[in-house]
Participant: 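What follows is a structure written as structure tokens; I'll ask about it next.
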Amino acid sequence: MKLVICEKPSVAKAVASALGVTSRADGCFEGNGLIVSWCVGHLVSPMDAAGYDLGYKKWKYDDLPILPEPFRYVLAKGKEDAFQNLKHLMEREDVTELVNACDAGREGELIFRLVYEMAGCQKPFSRLWISSMEDAAIREGFQDLRPGAEYDPLYQSALCRQKADWLIGINATRLFSVLYHRTLNVGRVQTPTLAMLVDRDSKITLFRKEKYHHVRLTFGGAEAVSEKIAAPEEAEALRAACAGAEAVCASVTREQKKEAPPRLYDLTTLQREANRIFGYTAKQTLDYAQSLYEKKLLTYPRTDSRFLTADGVLPGCVLAGK
């Protein structure tokens, strides 16, 4: 019996339906030699600093930096039942192997691995890697399950991201809050992004218009334009030099250009266009795209790829394209 673990209940339902697993049990679908269950996003998260030492509850300069070794993890609040359900299924004697069917990305890999390790599971597992929720894509993916160990580097990458978030968030937030006597949140992504916004706003605020001139020559429907000229005297001198003079065309070059169709959207370009046209925030666009993905109307949105994978060109699969 294989235990298939998906990232969300809606995805588990789609996977179970595609594989003909129609019997609904408590916290899973079961049938055809498969058990299909789900996480609810991140079930396991890094322990807070106070979990390592109660003295860290009070923010003090002398305690910095806080560098846990090893990192410890706890169950996410409110999601204990979901974890216990998966742990119980992993421990069933008739379950001989697992399938990681979480989203095909770094975070999906992290979600499964942390649950797997927190549960103390030692059973072998394989990886389902698909970017479309079409039934045919799901079935084809299960015909090509990959050994879980092949995705160890992706898991390590996810751990690095998570630990960097923790280390920078905990230490930098406490440092600046203590130094400036107010709560100042610092984050690995949040703070550089804020710095970019401040820098851009400063450039807009300090922008000063500069007047410049162009000299234009028109002849026979064609036009020649000079570079920008700051001094009006220079522009006038150039105009006067050209007035009444004869222009000679030294050469003509003709070339045929081909313009490729625009590439498909990745998440960032989709968010930018949705904001420009509809005024959606980046979070709204992601939520809508994720919902459409789970309804099989979109390929996997949490990626920076602008190309289709083989399972994304199946009949009936719609991609967010321009």
Participant: Which heavy atom of Gly105 sits nearest to which heavy atom of Leu154, and what is that distance?
Facilitator: O-CD2, 3.8 Å
Participant: Might you point out which heavy atoms bring Cys6 and Val11 nearest each other, and give the distance in Å?
Facilitator: CB-CG1, 4.1 Å
Participant: Would you say Leu43 and Met118 are hydrophobically clustered, going by side-chain heavy atoms of ILVMFWY under 4.5 Å?
Facilitator: yes
Participant: Listed by chain and number, what are the side chain to side chain donor-acceptor pair (under 3.5 Å) partners of Tyr73, not counting sequence neighbours?
Facilitator: Gln162
Participant: Which one of Gln271, Glu273, Gln290 satisfies the side chain to side chain contact (heavy atoms under 4.5 Å, CB included) criterion with Thr285?
Facilitator: Gln271
Participant: Report, as yes or no, whether the 6.0 Å neighbourhood of atom CD on Glu227 holds more than 12 heavy atoms from other residues, nucleotides or ligands.
Facilitator: no
Participant: Return the minimal non-hydrogen interatomic distance between Arg106 and Ser157, and the atom names on each side.
Facilitator: CD-OG, 3.3 Å
Participant: Can a donor-acceptor pair be found, under 3.5 Å and without considering hydrogens, that links the side chain of Ser37 to the backbone of Gly27?
Facilitator: yes
Participant: Where do Ala14 and Met133 come nearest, in terms of heavy atoms and distance?
Facilitator: CB-CE, 3.6 Å
Participant: Do the charged groups of Asp63 and Lys58 touch, with an N to O distance under 4.0 Å?
Facilitator: no
Participant: Could you work out, with side chain to side chain donor-acceptor pair (under 3.5 Å) as the rule, every residue matching Glu30, not counting sequence neighbours?
Facilitator: Arg92
Participant: Is the closest basic N to carboxylate O distance between Glu109 and Arg113 below 4.0 Å?
Facilitator: yes
Participant: When you measure from the side chain of Tyr52 to the backbone N and O of Arg72, does any donor-acceptor pair fall under 3.5 Å?
Facilitator: yes
Participant: Please give me the minimum heavy-atom distance between Ser226 and Leu238, naming the atom from each residue.
Facilitator: CB-CD2, 4.1 Å
Participant: Listed by chain and number, what are the salt bridge (charged side-chain N to carboxylate O under 4.0 Å, His left out) partners of Arg188, not counting sequence neighbours?
Facilitator: Asp165
Participant: Shortest non-hydrogen contact from Leu270 to Tyr265?
Facilitator: N-CD2, 3.7 Å
Participant: Going by the rule side chain to side chain contact (heavy atoms under 4.5 Å, CB included), which residues pair with Lys13 if we only count those two or more places apart in sequence or in a different chain?
Facilitator: Phe29
Participant: Taking Asp48 for the side chain and Gly51 for the main chain, is one N or O donor matched with an acceptor at less than 3.5 Å?
Facilitator: no
Participant: Hey, can you pull the donor-acceptor pairs under 3.5 Å for the side chains in residues 175-186, sequence neighbours left out?
Facilitator:
unit_1	atom_1	unit_2	atom_2	d
Ser177	OG	Thr173	O	2.6
Ser177	OG	Arg182	O	3.4
Ser177	OG	Leu184	N	2.9

Participant: Counting neighbours of CG on Asp53 that are heavy atoms of other residues, nucleotides or ligands and sit closer than 6.0 Å, is the number greater than 12?
Facilitator: yes
Participant: Has the side chain of Lys123 got a donor or acceptor atom that lies under 3.5 Å from a matching backbone atom of Met90?
Facilitator: yes
Participant: Identify the residue among His214, Lys209, Glu210 that makes a side chain to side chain contact (heavy atoms under 4.5 Å, CB included) with Tyr212.
Facilitator: His214
Participant: If the condition is side chain to side chain contact (heavy atoms under 4.5 Å, CB included), which residues does Asp199 pass it with, not counting sequence neighbours?
Facilitator: Lys203
